[in-house]
Enquirer: 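Handing you this structure, nothing more for now.
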Amino acid sequence: MKKNVFFAAVAAFAFMTALLSSCSSCTDKKPKGLVIETETDSLFMLNDSTPADLQTVVYEGFMPMDDGNIAECTLTITSLGWDQNGTYTILSTFSVDTATIRERDNGKKIVKKGTPKDSTAVLYHLVSDNKKPQITLMAHGDTALTKLNNQMMPASNNPKHKLLRKK
C-alpha cells in the first residue's frame with residue numbers, strides 16, 4: 001500500500017512539473033535570474049559544435065605571395081574552436097613564367113589578438129613545420145581571412161584577395 005501511495009505521489013509530481021513547464025513557455029515574461037546567452041556561446045552555436053569538439057574549417061580563394069605572385073589557395077584549419085590554436089594545411093597553386101607550381105605546407109595555427117589599427121582583430125599566425133615564412137591572416141568573423149604584411153596591414157587592397165570559408 002505504501003508503495004502505491006509513493007508511486008502515485010511521484011507520478012503526480014511529474015505531471016505537475018510537466019504542466020508548469022509547459023505553462024511557463026506560453027508566457028512572454030522571462031523569469032528572474034535568466035542567463036542570457038553570450039557572444040561566445042552564439043559563435044559555437046553557429047559552428048554547430050561545443051567548445052570541446054574538434055572542428056575542421058576550409059577556406060578558399062586568392063592570396064598574395066611574398067614574391068608578388070597571386071596564389072589560388074585552399075586552407076584547412078583544424079582546432080577546438082575558431083578562436084583556438086590548432087593546425088593547418090595550405091595548398092597553393094601559382095604561375096611563374098610558363099610553369100604552374102603547386103605547394104603544400106602544414107604547421108601550427110596560433111591565434112593572437114590586435115593590430116595597430118584594431119585592438120580587437122583576431123589574427124591567425126600560420127607557423128610552418130617546414131621552416132617556411134610565417135603567414136599572418138586577419139579573420140573577418142569566421143567567414144573570411146585576409147593576409148597581412150609585416151606592418152600588420154592587408155597585403156593587397158584587391159577585395160578579391162581573400163580566403164572565403166567554404167560551406
Side-chain angles (χ1 to χ4, degrees), residues 21 25 28 30-31 33-167:
S21 67
S25 65
D28 291 334
K30 294 180 182 175
L34 179 67
V35 177
I36 302 299
E37 185 176 298
T38 65
E39 183 176 341
T40 305
D41 293 336
S42 298
L43 292 173
F44 287 119
M45 288 174 60
L46 283 173
N47 290 332
D48 194 26
S49 66
T50 63
D53 288 343
L54 192 63
Q55 296 182 19
T56 301
V57 181
V58 178
Y59 294 89
E60 291 182 338
F62 296 94
M63 186 169 64
M65 307 286 285
D66 292 336
D67 62 5
N69 288 313
I70 302 298
E72 185 174 353
C73 298
T74 301
L75 173 65
T76 304
I77 295 176
T78 303
S79 59
L80 290 177
W82 75 274
D83 60 347
Q84 301 293 317
N85 294 342
T87 60
Y88 77 91
T89 300
I90 189 166
L91 303 171
S92 304
T93 305
F94 56 96
S95 297
V96 176
D97 298 324
T98 59
T100 299
I101 299 173
R102 288 183 174 81
E103 290 184 351
R104 179 185 177 102
D105 186 35
N106 54 347
K108 296 178 186 173
K109 175 192 99 169
I110 300 172
V111 178
K112 296 189 177 180
K113 295 259 184 189
T115 66
K117 292 195 175 206
D118 184 0
S119 63
T120 63
V122 175
L123 306 178
Y124 294 169
H125 291 285
L126 305 182
V127 181
S128 175
D129 289 340
N130 302 321
K131 309 293 184 214
K132 291 189 176 199
Q134 179 173 302
I135 298 172
T136 302
L137 302 169
M138 183 170 62
H140 302 281
D142 63 349
T143 60
L145 303 171
T146 301
K147 183 177 179 182
L148 300 180
N149 60 22
N150 293 338
Q151 290 78 34
M152 303 302 278
M153 300 295 292
S156 171
N157 292 328
N158 189 334
K160 293 181 182 178
H161 294 170
K162 284 187 179 181
L163 299 178
L164 301 175
R165 182 174 177 173
K166 209 175 148 182
K167 300 212 182 220

Enquirer: Would you name the heavy atoms of Lys109 and Tyr88 that are closest together and state the gap between them?
Expert: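 Scanning both residues, the minimum pair turns out to be N-CD2, 4.2 Å.
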Enquirer: Which atoms form the tightest heavy-atom contact between Pro154 and Thr146, and what is the distance?
Expert: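 Scanning both residues completely, I find the closest heavy atoms to be CB-CG2, 4.1 Å.
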Enquirer: Which value, rounded to the nearest 0.5 Å, describes the distance between Ile90 atom CD1 and Met63 atom CE?
Expert: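 Those atoms lie 3.5 Å apart.
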Enquirer: Within the structure provided, determine whether Met153 and Lys117 are in side-chain contact (heavy-atom separation under 4.5 Å).
Expert: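 Yes, close enough: below the 4.5 Å cut-off.
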Enquirer: Carefully, step by step, assess Leu145 and Met138 under the rule side chain to side chain contact (heavy atoms under 4.5 Å, CB included).
Expert: CA-CA 5 Å; Leu145 303 171; Met138 183 170 62; over 6 Å; no
Enquirer: Within a radius of less than 6.0 Å around CG of Asp67, do more than 12 heavy atoms belonging to other residues, nucleotides or ligands occur?
Expert: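 Correct, the count exceeds 12.
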Enquirer: Does the Asn130 side chain pair with the main chain of Lys132, one donor and one acceptor, at a distance under 3.5 Å?
Expert: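 Checking the backbone N and O of Lys132 against the side chain of Asn130, no donor-acceptor pair under 3.5 Å is found.
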Enquirer: Closer than 3.5 angstrom, by distance alone: can the side chain of Asp97 be matched with the main-chain N or O of Ala99 as a donor-acceptor pair?
Expert: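 Answer holds: no.
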Enquirer: How far does CG of Leu163 sit from OG1 of Thr143, to the nearest 0.5 angstrom?
Expert: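 Answer for the CG-OG1 pair, Leu163 versus Thr143, is 11.5 Å.
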Enquirer: How long is the gap from NE2 on His161 to CD1 on Ile70, to the nearest 0.5 Å?
Expert: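 Spacing of NE2 (His161) from CD1 (Ile70) equals 4.0 Å.
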Enquirer: Check for a donor-acceptor pair, side chain of Lys108 on one end and backbone N or O of Asp129 on the other, with a separation under 3.5 Å.
Expert: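 Pair absent, no side-chain N/O of Lys108 close to backbone of Asp129.
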Enquirer: Could you walk me through whether Thr87 and Asn106 pass the side chain to side chain contact (heavy atoms under 4.5 Å, CB included) check?
Expert: CA-CA 7 Å; Thr87 60; Asn106 54 347; over 6 Å; no
Enquirer: Does Phe62 have Lys160 sitting over its ring (NZ/CZ under 6.0 Å from centre, angle to axis within 45°)?
Expert: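 Ring-cation test returns no.
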Enquirer: Output the distance between atom CD (Gln55) and atom OG (Ser79), rounded to the nearest 0.5 Å.
Expert: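 Result: 6.0 Å between the selected atoms.
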Enquirer: Can you see which heavy atom on Gln151 is nearest to which on Pro116, and at what distance?
Expert: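 That closest heavy-atom pairing would be O-CG, 4.5 Å.
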Enquirer: With no hydrogens and no angle check, is any side-chain donor or acceptor of Lys147 less than 3.5 Å from a backbone partner on Pro64?
Expert: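 It does hold such a pair.
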Enquirer: Could you measure the distance from the SG atom of Cys73 to the CG atom of Leu137? Nearest 0.5 Å is fine.
Expert: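 So the gap between those two atoms works out to 9.0 Å.
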Enquirer: Might you work through the side chain to side chain contact (heavy atoms under 4.5 Å, CB included) test for Leu54 and Leu80, ending with a clear yes or no?
Expert: CA-CA 5 Å; Leu54 192 63; Leu80 290 177; 4.1 Å; yes
Enquirer: Among Leu148, Asp118, Ile110, find the residue that satisfies the side-chain contact (heavy atoms from CB on, under 4.5 Å) test when tested with Leu123.
Expert: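 Output: one option passes, namely Leu148.
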Enquirer: Please report the interatomic distance CG(Asp105) to CG(Leu126), rounded to the nearest 0.5 Å.
Expert: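 The CG atom of Leu126 is 8.5 Å from CG of Asp105, to the nearest 0.5 Å.
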